[in-house]
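What follows is one structure encoded as structure tokens, with my remarks underneath.
Starting from 1, each residue takes its place in the sequence as its number. Fair warning: this is a prediction, and the values are worked out from it, not measured in the lab. Order of appearance sets the numbers: ligands from 1, and atoms from 1 within every ligand.
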Amino acid sequence: MRVFVTGATGFAGGHLVSQLLEAGHTVYGLIRPSEEGQAWPFQPLVGDLLDAASLQTAVLAAQPDVIYHLAGQADVGASWRQPALTLALNAGGTANLLAAVVSAELRPRIITVTSAELYGPLPIEAMPINGWSQPNPVHPYAISKLAASQLAQMYRTRFELDVIEARPFNHIGPGQMLGFVVPDFASQIMAIQQGRKTPHMVVGNLAAERDFTDVRDVVRAYQLLAEHGRPGTPYLICSGHPVSIRHILDLLIELAGVEVEIATDPARMRPSDTPCLYGSYDKLRHDTGWQPQIPLRQSLADVLSSYQP
Ligand code: GDD
């Protein structure tokens with residue numbers, strides 16, 4: 001099959017590309033002009049989410065059976081610093097891509113990735129989040145993903161595009177950039193373990209609870225959705241249980257075998273942070289048979305190993 005991946009050079013995109021190549025697909029990936037000239041494992045197509053014409057050219061070149069739309073601004077903290085850019089990339093980029101597919105007169109299956117963050121703070125009785133839960137976005141990133149979700153739904157009904165929305169919760173694993181909690185903690189812990197840093201680390205809000213899934217399980221879900229998903233309500237991708245950020249920190253420290261002093265960094269505290277988010281993956285399991293396979297401890301150990309010299 002011919003597949004086109006936006007975000008192919010990113011964290012989840014990199015894992016997805018490896019999996020698709022292993023499965024024997026012909027993989028085209030969107031790259032930015034600044035990434036031209038580098039060696040990529042997929043066939044690179046230059047384009048920009050903010051430039052609809054470049055997306056149409058890329059889509060026409062790829063002639064894909066499936067599009068995985070992962071590209072965007074994924075950092076919730078950064079969305080406070082760059083709200084308009086976050087909206088432009090996540091909502092505008094999704095609109096540009098879907099419009100490009102319509103203009104190209106192609107009808108691939110499209111897996112578009114939004115986020116559980118669009119639910120925002122829900123009362124604990126409303127957990128686990130499921131297909132009926134109501135969005136309550138409280139930061140620019142969540143609003144951008146809610147808009148992307150609604151755009152996908154609108155293009156599906158108005159233009160009969162075969163769009164399936166994947167709505168993942170937090171995903172972790174090797175290759176994630178700084179700016180997300182696990183790499184932010186693991187990079188400091190490993191610098192301490194390797195003697196490159198004094199045993200002091202800074203953290204943000206440890207009271208928040210999130211639902212963590214290994215990125216390799218998440219991209220397996222994307223591929224299963226391309227094969228077996230049904231357009232309609234979004235598919236939640238999650239583990240089904242909440243874990244506090246404090247617990248993530250404790251596990252990383254235990255796995256690395258270090259002793260550290262912890263201080264709160266006000267710069268890491270957000271103007272508004274969803275206190276608790278966890279979901280149910282019942283619909284995904286029902287339609288595709290998916291369930292998470294990689295335990296949290298394993299994911300965290302693999303992240304720590306990725307910081308070994
Ligand atoms: N990034 C970061 N760095 N977060 C910290 C830190 C720190 O040093 N200390 C505590 N936290 C807290 C954040 O305040 C938040 O409550 C939690 O750890 C998780 O933060 P992130 O890893 O930045 O992820 P997120 O939950 O805001 O969003 C992630 O999950 C969404 C899906 O639920 C991202 O991966 C999004 O792209 C994704 O859509």
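Near Asp184, meaning under 4.0 Å from one of its heavy atoms, ligand 1 places the atoms 1 (N), 2 (C), 3 (N), 7 (C), 8 (O). Residue Arg210 has at least one heavy-atom neighbour below 4.0 Å for each of these atoms of ligand 1: 15 (C), 16 (O), 26 (O). The contact set between ligand 1 and Arg268, taken as ligand atoms under 4.0 Å from a residue heavy atom, comprises 7 (C), 8 (O). Near Ala208, the atoms of ligand 1 lying under 4.0 angstrom from a non-hydrogen atom of the residue are 16 (O). Within ligand 1, counting atoms from 1 as listed, the ones closer than 4.0 Å to a heavy atom of Val76 are 27 (O), 28 (O). The ligand atoms of ligand 1 that sit less than 4.0 angstrom from a heavy atom of Gly204 are 6 (C), 8 (O), 9 (N), 10 (C). The distance from ligand 1 to the heavy atoms of Gly179 drops below 4.0 Å at these ligand atoms: 1 (N), 23 (O). Within the listing of ligand 1, atoms 32 (C), 33 (O) sit less than 4.0 angstrom from a heavy atom of Phe169.
Distances from atom 33 (O) of ligand 1 to the heavy atoms of Asn170, Ile129, Val181, Val113 show the closest one on Asn170. When the options Ser115, Ala142, Pro275 are ranked by their closest heavy atom to atom 31 (C) of ligand 1, first place goes to Ser115. By heavy-atom distance, the residue among Ala74, Ser244, Ser187 lying nearest atom 36 (C) of ligand 1 is Ala74. When the heavy atoms of Asp265, Val215, Asp273 are ranked by distance to atom 14 (O) of ligand 1, first place goes to Asp273.
The shortest contact between atom 12 (C) of ligand 1 and any protein heavy atom is with Asn205 O, 3.6 Å. From the protein, the heavy atom lying nearest to atom 17 (C) of ligand 1 is Ile245 CD1, 3.6 Å.
At a 4.0 Å cut-off, not a single heavy atom of Gly77 sits close enough to ligand 1 to count as contact.
Residues Leu30 and Val46 share a closest heavy-atom pair of CD1-C, 4.2 Å. Contact between Leu45 and Ala58 at its shortest, heavy atoms only, is CD1-O, 3.4 Å.
Ionic pairing of Glu254 and Arg297 is present here: one or more N-O contacts between side-chain nitrogen and carboxylate oxygen are shorter than 4.0 angstrom.
Under 4.0 angstrom from ligand 1, the non-hydrogen atoms of Arg270 all belong to its side chain. Within the 4.0 Å heavy-atom criterion, neither part of His171 lies near ligand 1.
Scanning for salt bridge (charged side-chain N to carboxylate O under 4.0 Å, His left out) contacts around Glu160 gives an empty result, with sequence neighbours left out.
One side chain, Thr6 or His69, offers a donor N or O that lies under 3.5 Å from an acceptor on the other. Between Asp302 and Gln298, the side chains place a donor N or O and an acceptor N or O closer than 3.5 Å (distance only, hydrogens not considered).
A perpendicular orientation is assigned to the rings of Tyr281 and Trp290, their planes being inclined by more than 60° (bins at 30° and 60°). Taking the six-membered ring where tryptophan is involved, the planes of Tyr119 and Phe169 are essentially parallel, since the angle between them stays under 30° and well short of 60°.
The list of side-chain hydrogen bond (donor to acceptor under 3.5 Å, both in side chains) pairs with a residue in residues 189-201, not counting sequence neighbours, reads Gln194-Arg196, Thr198-His200.
Side-chain contact between Gln176 and Val303 is absent, with no heavy atoms from C-beta onward closer than 4.5 Å.
To the nearest 0.5 Å, atoms CG (Asn90) and OH (Tyr141) are separated by 6.5 Å.
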